[in-house]
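In this text the structure is predicted, and so the values were computed from the model without any measurement.
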Amino acid sequence: MDGRECVARALRDCKAPRVAVMAIGKAAAGMARGARQALGTRIGEMLIITKEGHRDPGLDGDRVCQLESPHPMPDVRSLRHGQALADALERVPSDVLPLFLVSGGSSSLVEALRDGVSLEDLFALNLHGLASGWDIATLNAERAKLSRIKGGGLSRLLGDRPALALFLSDVPGDDPEVIGSGLLGHGDRTDRIERHVVASVDVAMDAACGAARSRGLEVERGRARFDGDAVEVARAFVAALRNTPAAALVWGGESTVRLPVRTGRGGRNTHLALAAARLLRADEPLTILAAGTDGTDGPTDDAGAMVDCGTIERAELAGCDVERAFREFDSGTALEMSGDLVHTGPTGTNVGDLLIGIKHSANSLRGLARSRVL
């Protein structure tokens with residue numbers, strides 16, 4: 001599911017003599033690197049719009065512009081970069097193929113608002129959606145109503161000219177009408193855009209299962225993608241892990257949380273991980289990883305967390321009021337104090353979240369817990 005490899009593979013047979021690359025999303029830099037690997041000097045202008053901290057200095061050079069925007073909440077930079085995207089598209093000569101590389105996170109990174117819609121309106125919508133626990137499809141559909149470039153708006157700017165769009169999907173159904181709030185969706189008309197989803201969370205789940213089997217573990221793969229409230233997902237996952245005869249359980253999807261006005265440090269994956277840790281019994285031989293495949297969890301720099309039956313005790317021994325942290329959505333603080341946060345940095349992909357559970361022997365888990373405390 002690596003953005004570079006997926007894009008390079010998808011472009012292996014591309015015959016276009018000249019290409020202009022516009023990459024948008026948290027995996028934009030990795031996807032752009034894949035385009036460069038496959039197309040080389042056929043690429044003219046390259047515009048990369050990605051999350052703060054996710055740019056790739058190795059891509060800097062002539063005719064390459066890298067812009068960083070906020071995520072998950074947009075700000076004035078999102079509007080500037082939305083205009084930069086529209087301007088870049090307008091500059092593409094008629095004999096050059098526009099190549100769009102779109103991954104999750106695009107919705108907050110670029111925006112061009114409809115007449116009469118303000119940045120405050122956009123901010124309020126995003127805040128309401130996050131506070132209400134909307135799933136990604138609902139949130140993206142509402143964002144598109146305020147936008148000139150979402151909901152197929154960017155596709156309309158292309159008119160009848162041909163283009164190619166490659167997607168890393170982080171949404172249920174892997175639908176280009178939903179990915180990035182439908183930046184390259186069909187909108188309300190037909191077009192000449194060739195669209196391909198080159199990776200999704202199903203690829204991630206298959207890879208995790210393959211890794212487990214290569215280590216001699218029997219593994220069960222979730223049949224459907226998880227969604228809904230993070231606490232309910234945690235409850236269902238712990239129950240399934242307890243009940244499976246396999247040594248490992250892999251789920252993929254994306255949970256939601258209902259945020260109060262004031263929150264602490266954390267994202268949906270750390271909240272889910274802490275919820276799971278609260279359910280584990282003393283000496284229960286389970287370890288659970290909840291993490292975002294992009295390497296970030298909501299507004300944090302943490303990918304997620306890996307918890308076990310000693311998580312709560314370690315956090316409390318370090319002076320954390322775990323129940324307060326859980327109640328006030330300060331899971332990142334609690335899991336930092338327990339030593340359970342996972343940091344990967346930007347991964348070059350974004351296909352949603354993974355839940356991975358492992359069953360240990362009781363003795364091996366006690367040894368692991370002691371080593372983590374020490």
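Placement of Leu168 and Val197 in two distinct hydrophobic clusters is found when ILVMFWY residues are connected by side-chain heavy-atom separations under 4.5 Å, directly or transitively. Cluster annotation: Ile179 is connected to Leu157 through the hydrophobic network of ILVMFWY side chains, with a link wherever side-chain heavy atoms come within less than 4.5 Å. Under the 4.5 Å side-chain heavy-atom criterion for ILVMFWY residues, a single connected hydrophobic cluster contains both Val7 and Val19. When hydrophobic clusters are built by joining Ile, Leu, Val, Met, Phe, Trp and Tyr residues whose side-chain heavy atoms come closer than 4.5 Å, directly or via intermediates, Leu85 is not grouped with Leu97. Follow the hydrophobic side-chain contacts under 4.5 Å out from Ile49 and you never reach Leu59; the two are in separate clusters.
Counting heavy atoms from C-beta on, the side chains of Leu47 and Leu67 come closer than 4.5 Å. Using a 4.5 Å cut-off on side-chain heavy atoms (C-beta onward), Ile358 and Leu217 make contact. For the pair Arg314 and Thr311, the minimum side-chain heavy-atom distance is below 4.5 Å. You'll find the side chain of Ile24 stays beyond 4.5 Å of the side chain of Met31, heavy atoms only. For the pair Asp191/His186, a side-chain contact is recorded, criterion being any heavy-atom separation below 4.5 Å from C-beta on. Within the 4.5 Å cutoff, side-chain heavy atoms of Thr287 are placed close to those of His360. With a 4.5 Å cut-off on side-chain heavy atoms, Lys26 and Thr347 do not count as touching. Between Ser155 and Arg195, the closest side-chain pair of non-hydrogen atoms falls below 4.5 Å.
Between atom CZ of residue Arg114 and atom OG of residue Ser147 there is a gap of 7.0 Å, rounded to the nearest 0.5 Å. Between the CG atom in Asp340 and the CD1 atom in Ile288 there is a gap of 11.5 Å [rounded to 0.5 Å]. Atom-to-atom distance recorded for Asn126:CG and Arg143:CZ is 4.5 Å, nearest 0.5 angstrom. A distance of 7.0 Å separates SG in Cys320 from CG in Asp330, rounded to the nearest 0.5 Å. Going from atom CG of Leu39 over to atom CG of Leu11 covers 5.0 Å, rounded to the nearest 0.5 Å. Leu341 CG to Arg265 CZ: the interatomic distance, rounded to the nearest 0.5 Å, is 5.0 Å.
Considering all non-hydrogen atoms of both residues, His54 and Pro346 come closest at ND1-CB, 3.6 Å. Nearest approach of Ala35 to Val21, heavy atoms of both residues: CB-CG2, 4.3 Å. Of all non-hydrogen atoms in Val92 and Arg161, the two that sit nearest each other are O-NH1, 3.1 Å. Nearest heavy-atom pair, Pro70 versus Ser108, reported as atom, atom and distance to 0.1 Å: O-OG, 3.1 Å. Between Glu284 and Leu279, the shortest heavy-atom contact is OE1-O, 4.4 Å. Between Ser200 and Val351, the closest heavy-atom pair is C-CB, 3.5 Å.
With Arg42 contributing its side chain and Ala16 its backbone, the two residues share a donor-acceptor pair below 3.5 Å. The backbone N or O of Asp75 sits less than 3.5 Å from a side-chain atom of Ser78, completing a donor-acceptor pair. In this structure a side-chain-to-backbone donor-acceptor pair under 3.5 Å is present from Arg192 to Asp160. For Lys359 (side chain) and Leu241 (main-chain N/O), a donor-acceptor pair under 3.5 Å exists by modelled atom type. A donor-acceptor pair is defined here as one N or O able to donate and one able to accept, closer than 3.5 Å; no such pair exists between the side chain of Lys150 and the backbone of Asn140. Side-chain atoms of Asp121 come within 3.5 Å of backbone atoms of Ser118 as a donor-acceptor pair (strictly under, hydrogens ignored). Looking at Glu68, its side chain does come within 3.5 Å of a backbone N or O of Gly53 through a donor-acceptor pair.
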### Query
Yes or no on side chain to side chain contact (heavy atoms under 4.5 Å, CB included) for Phe100 and Ile193, after CA distance, side-chain angles and deciding distance?
CA-CA 10 Å; Phe100 297 94; Ile193 303 172; 5.7 Å; no

(Q) Show, in sequence, the C-alpha distance, side-chain angles and deciding distance for Leu109 and His71, and conclude whether the side chain to side chain contact (heavy atoms under 4.5 Å, CB included) test is met. (A) CA-CA 7 Å; Leu109 301 179; His71 184 277; 4.3 Å; yes

For Leu354 and Thr293, run side chain to side chain contact (heavy atoms under 4.5 Å, CB included): C-alpha distance rounded to whole Å, both residues' side-chain angles, the deciding distance at 0.1 Å, then the answer. CA-CA 7 Å; Leu354 283 176; Thr293 55; 4.1 Å; yes

message = Let's go through Leu183 and Val110 carefully: what are the C-alpha distance in whole Å and the side-chain angles of both, what is the deciding distance for side chain to side chain contact (heavy atoms under 4.5 Å, CB included) to 0.1 Å, and is it a yes or a no?
response = CA-CA 9 Å; Leu183 271 175; Val110 294; 4.0 Å; yes

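A side-chain N or O of Asp60 and one of Gln66 form a donor-acceptor pair less than 3.5 Å apart. Side-chain atoms of Ser103 and Asn350 include no donor-acceptor pair closer than 3.5 Å.
Within 6.0 Å of atom CG in Asp301, 12 or fewer heavy atoms from other residues, nucleotides or ligands are found, so the atom counts as exposed in its surroundings. With a 6.0 Å radius and a threshold of 12 heavy atoms from other residues, nucleotides or ligands, Glu313 has its CD atom at or below the threshold.
Screening Leu259, Asp229, Thr256, Asp297 against Arg268 for a side chain to side chain contact (heavy atoms under 4.5 Å, CB included) leaves a single residue, Asp297.
Ring geometry for Trp134 against His128 counts as perpendicular: the plane angle is over 60°, on a 0 to 90° scale with 30° as the lower cut. Aromatic ring orientation, Phe329 versus His271: parallel (interplanar angle below 30°, classes split at 30° and 60°).
Ionic pairing of Glu323 and Arg278 is present here: one or more N-O contacts between side-chain nitrogen and carboxylate oxygen are shorter than 4.0 angstrom. Between Asp174 and Arg225 there is a salt bridge, with a side-chain nitrogen of the basic residue lying less than 4.0 Å from a carboxylate oxygen of the acidic one. Here Arg148 does not pair with Asp115 in a salt bridge; the nearest charged N to carboxylate O distance is not below 4.0 Å.
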